[in-house]
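What follows is a short report on a single structure.
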Amino acid sequence: MSGVINTEDPSSDHTGVVNTDTESVQSNNFQKEDELKQDYGVDNFSGDENSPHAIEIPKKPKSAYITVCLTCVMVAFGGFINGWDIGTIGGFIAQTDFKRRFGSTNKDGEHYLSKVRTGLLVSIFNVGCAIGSVTLGRLGDIYGRRLGLIMATVIFVVGVVIEIASIDKWYQYFIGRIIAGIGMGVIAVLSPMLISEVSPKDMRGAMVSCYQLMITMGIFLGDCTEYGSKTYSDSTQWRVGLGLQFAWCLFMVGGMMFVPESPRFLIEKGKLEEAKRSVATSNKLHADDPAVISEVEEIQIAVEKERAEGQAGWGELFQTHNKVFQRVIMGIMVLALQQLTGANYFFYYGTTIFKSVGLEDGFEAAIVFGVVNFVSTFFALYLIDKFGRRTCLLWGAAGMVCCMVVFASVGVTRLWPEGKNAGVSSKGAGNCMIVFSCFFIFCFATSWAPVPFVIISESFPLRVKAKGMALGTVSNQMWNFCIGFFTPFITGSINFYYGYVFLGCLVFAWFYVFFFVPETKGLQLEDVNVMWEEGVLPWKSASWVPPSQRGADYDVAAMANDDTPAWKKVLGKH
C-alpha cells in the first residue's frame, strides 16, 4: 500500500461521476477498512459501515502539545500587532506633540483635535481592515496562509512608514492608517484561519483564542508604552510607539518560517506528502501513522468534492441548500454583536468614570482596563474547549447584561446626585461603576472577545472560507468604526443612557446565539461542514455525532427537527 489511501469520494467513481450504487459504496468502505487493518494492525477501528475514515487522532496530554501551542502563538502574533495599534493610537491623540502637528489651534492658541478628526484618525484603520479583508483575503488561497501573512505584514509596514514619516499633515497620517489597516485586514482573516487548520481539534478553540489574547497583550503593552513616553515633549511621544511596530512585524515574519503550512492548502495544491507532515507535526505523530493518513484522506475527499464543483464565486455565498448563506449571516452577526456588546464603549468612556473617583490620569485608567482585559483572556483559553463556544457566548452575554444594568443605572441615577453640570460626583457610585465595568470586561474577555473568531474560522467549507471570513471581518471592523467614530458624539449627548443601547444589543445577542449558533467543540473542520449541511438545530448541536462515530440506531432526522415550543427550548424543557 502506498503512502496515501485511495482518496476518491466514496459516493463517486474514479471519473468523478456520482455513483448511486449503495452496495459498491459499502464495498469500497469495507475494503478501505480491511486495508488499514492489514497494513497497520489497527484493532480499534471503530467506524460504522458507511464511514471510510474512522481512525481518530489519538488524544494526548496537553503538555505534549507545547511546541504546537508555541507555533500557534507565532501565528496569533498578528493579533498583537493589531492590539498594539489599538493601545497606542488612543495615547497618540492625547499627546501634546501629536495635537500640535496634526490638530487645529483655538482662539486661545491651544492645539486640539476636533471630534471629527479624532474619529477619522482612530477609526479609519477599521475601514482599511474591511477593505483589505475583502480585496486581499484570498492571498492565503493563492499563495498559502504563511506567505499570505508575510505579504500582509509587509503591507502593514508600508502604512507604518507613511505614518511615522508624517510631519505636520494629518491627511498623510490618515493615508498611512488606511494602508496599515488593509494589511491588518488580511492578517485578521488569515491568522485565525491558519491556526484553525493546523491546531489539534481538541485544542482548536484555545489556539484560535490566542489571537484575541495577543490583541489584549498588545493593547496593554501599547498603553504602557504611551504612559512611559508621555513625559517627553517632542515626537518621541508617538514615534516610539510607531517605531516598535517594525520590531513586531519582523518577529511576525520570522515566526512564519517555523510554522507548518495549512494541510488543507497543501492538499488543494497536490502536495500530499507535505500535508501529511503538517498534520503529523500538529498532532505530534509520525507522518506514516494511520490516523494521520486517515485525516489526510478525509481532507482530500472534501477538497476533491469542492474542486469538482468548480471555482467558488461570491455568488456561492448566497446558496442555501448547503447552508452556506446561513453561515455567512451567522458570521456577520456574531462579529457585529461582538462590537455591539459595548466593550469598546467601556474603553472609551472609562476615563470619565475614573475621573469621578479622583483618578485624573486617563493613561492610568487605560492600563487598569488593559490589565483586566489581558488577564481575563487567559481564562478563555481553558473555558472555550472545556465548555464549548455556544455555552461561553450564552453565559458571557448573560453576565454582561447583569453588569450593564448596574453600570448604566448607577451612572444615570447616582453618579451625579446634583446633576452633571454641578461638578459634584458620588465616589461610592463611581467605585461601584468601576467594579462592574471590570466585571463586564472579564465577562467579555472570556467569551465574546475570542469566541466569534473561533466560530468563523470553523464554520465555512474550504472553497468559500476566505470569502466568508472576510465578510465577517468587514462586519466587525465597520461596526468598530461606527462605535469609535460616533461614541464621542453620543456620550456627549446622553451620557450613561448609552449603556441601555448596548444592554438591548446584549439581550438580542443571547437569543441570537441560542437559536442560530451551533456548537462546534471537538469536531473536525470537515465534520462541522457536515453538521451544517444536515441542518442540525443549534440547541441540539452539542449532542450531534459525526458520521464516522455513529451507531446503527443514530437518528439524523431527530437532530434537525423539534416540535417543542420556543419558550420551553429557552428554559431547557423538552
Value rounded to 0.5 Å, distance of CD1 in I195 from CE in M207:
8.5 Å
Have a look at R204 and tell me which of C72, S457, S209, S199 forms a side chain to side chain contact (heavy atoms under 4.5 Å, CB included) with it.
S199
Write down the atom of G140, the atom of L190, and the distance for their closest heavy-atom approach.
CA-CD2, 3.7 Å
Residue set satisfying side chain to side chain contact (heavy atoms under 4.5 Å, CB included) with K284, at least two apart, ordered chain then number -> K60, Y65, T67, V68
Verify, without hydrogens or angle tests, whether S133 (side chain) and A130 (backbone) share a donor-acceptor contact under 3.5 angstrom.
yes
Please evaluate residues I329 and F516 with respect to the criterion side chain to side chain contact (heavy atoms under 4.5 Å, CB included), reporting the C-alpha separation (whole Å), side-chain torsions for both, the decisive distance (0.1 Å), and the verdict.
CA-CA 10 Å; I329 296 299; F516 296 103; over 6 Å; no
Would the distance check show the side chain of R138 and the main-chain N or O of A466 forming a donor-acceptor pair, the cut-off being under 3.5 Å?
no
Could you tell me whether K386 atom NZ has more than 12 heavy atoms of other residues or ligands within 6.0 Å of it?
no
To the nearest 0.5 Å, how far apart are CH2 in W84 and CE in M214?
13.5 Å
Could you report the tightest heavy-atom contact between T473 and L335, atom names first, then the distance?
N-CD1, 3.9 Å
State which residues pass ring-ring contact (aromatic ring centres under 6.0 Å, His included) with F258; sequence neighbours excluded, sorted by chain then number.
none
Please list, chain by chain and in numerical order, all residues satisfying side chain to side chain donor-acceptor pair (under 3.5 Å) with S262, sequence neighbours excluded.
E197
Do the charged groups of E298 and K201 touch, with an N to O distance under 4.0 Å?
no
Which pair of heavy atoms, one from S376 and one from F442, lies closest together, and at what distance?
OG-CD1, 3.2 Å
Taking all non-hydrogen atoms of both residues, which atom of M74 and which atom of G255 are closest, and how far apart?
SD-O, 3.6 Å
Identify the heavy atoms of E526 and A302 that sit nearest to each other, and give their distance.
CG-CB, 3.8 Å
How about Y554: does its OH atom have over 12 heavy atoms from other parts shown lying under 6.0 Å from it?
yes
Going by salt bridge (charged side-chain N to carboxylate O under 4.0 Å, His left out), name the pairs with one or both residues in residues 370-384, residues two or more places apart or in two chains.
none
So does W479 have more than 12 non-hydrogen atoms from other groups sitting under 6.0 Å from CH2?
no
Report yes if the side chains of V324 and P461 come closer than 4.5 Å at any heavy-atom pair, otherwise no.
yes
Between F374 and F378, ring centroids under 6.0 Å
yes
Tell me whether Y512 at atom OH has more than 12 heavy atoms from other residues, nucleotides or ligands lying less than 6.0 Å away.
yes
Between G132 and V186 the two heavy atoms that sit nearest each other are O-CG2, 3.6 Å
One thing to verify: whether E316 and K467 come together as a salt bridge, which I'm taking to mean a side-chain N less than 4.0 angstrom from a carboxylate O.
no
Sorted by chain and residue number, the ring-ring contact (aromatic ring centres under 6.0 Å, His included) partners of Y211 (sequence neighbours excluded) come out as F453
Going by side chain to side chain contact (heavy atoms under 4.5 Å, CB included), name the residues that satisfy it together with D553, two or more places apart in sequence or in a different chain.
none
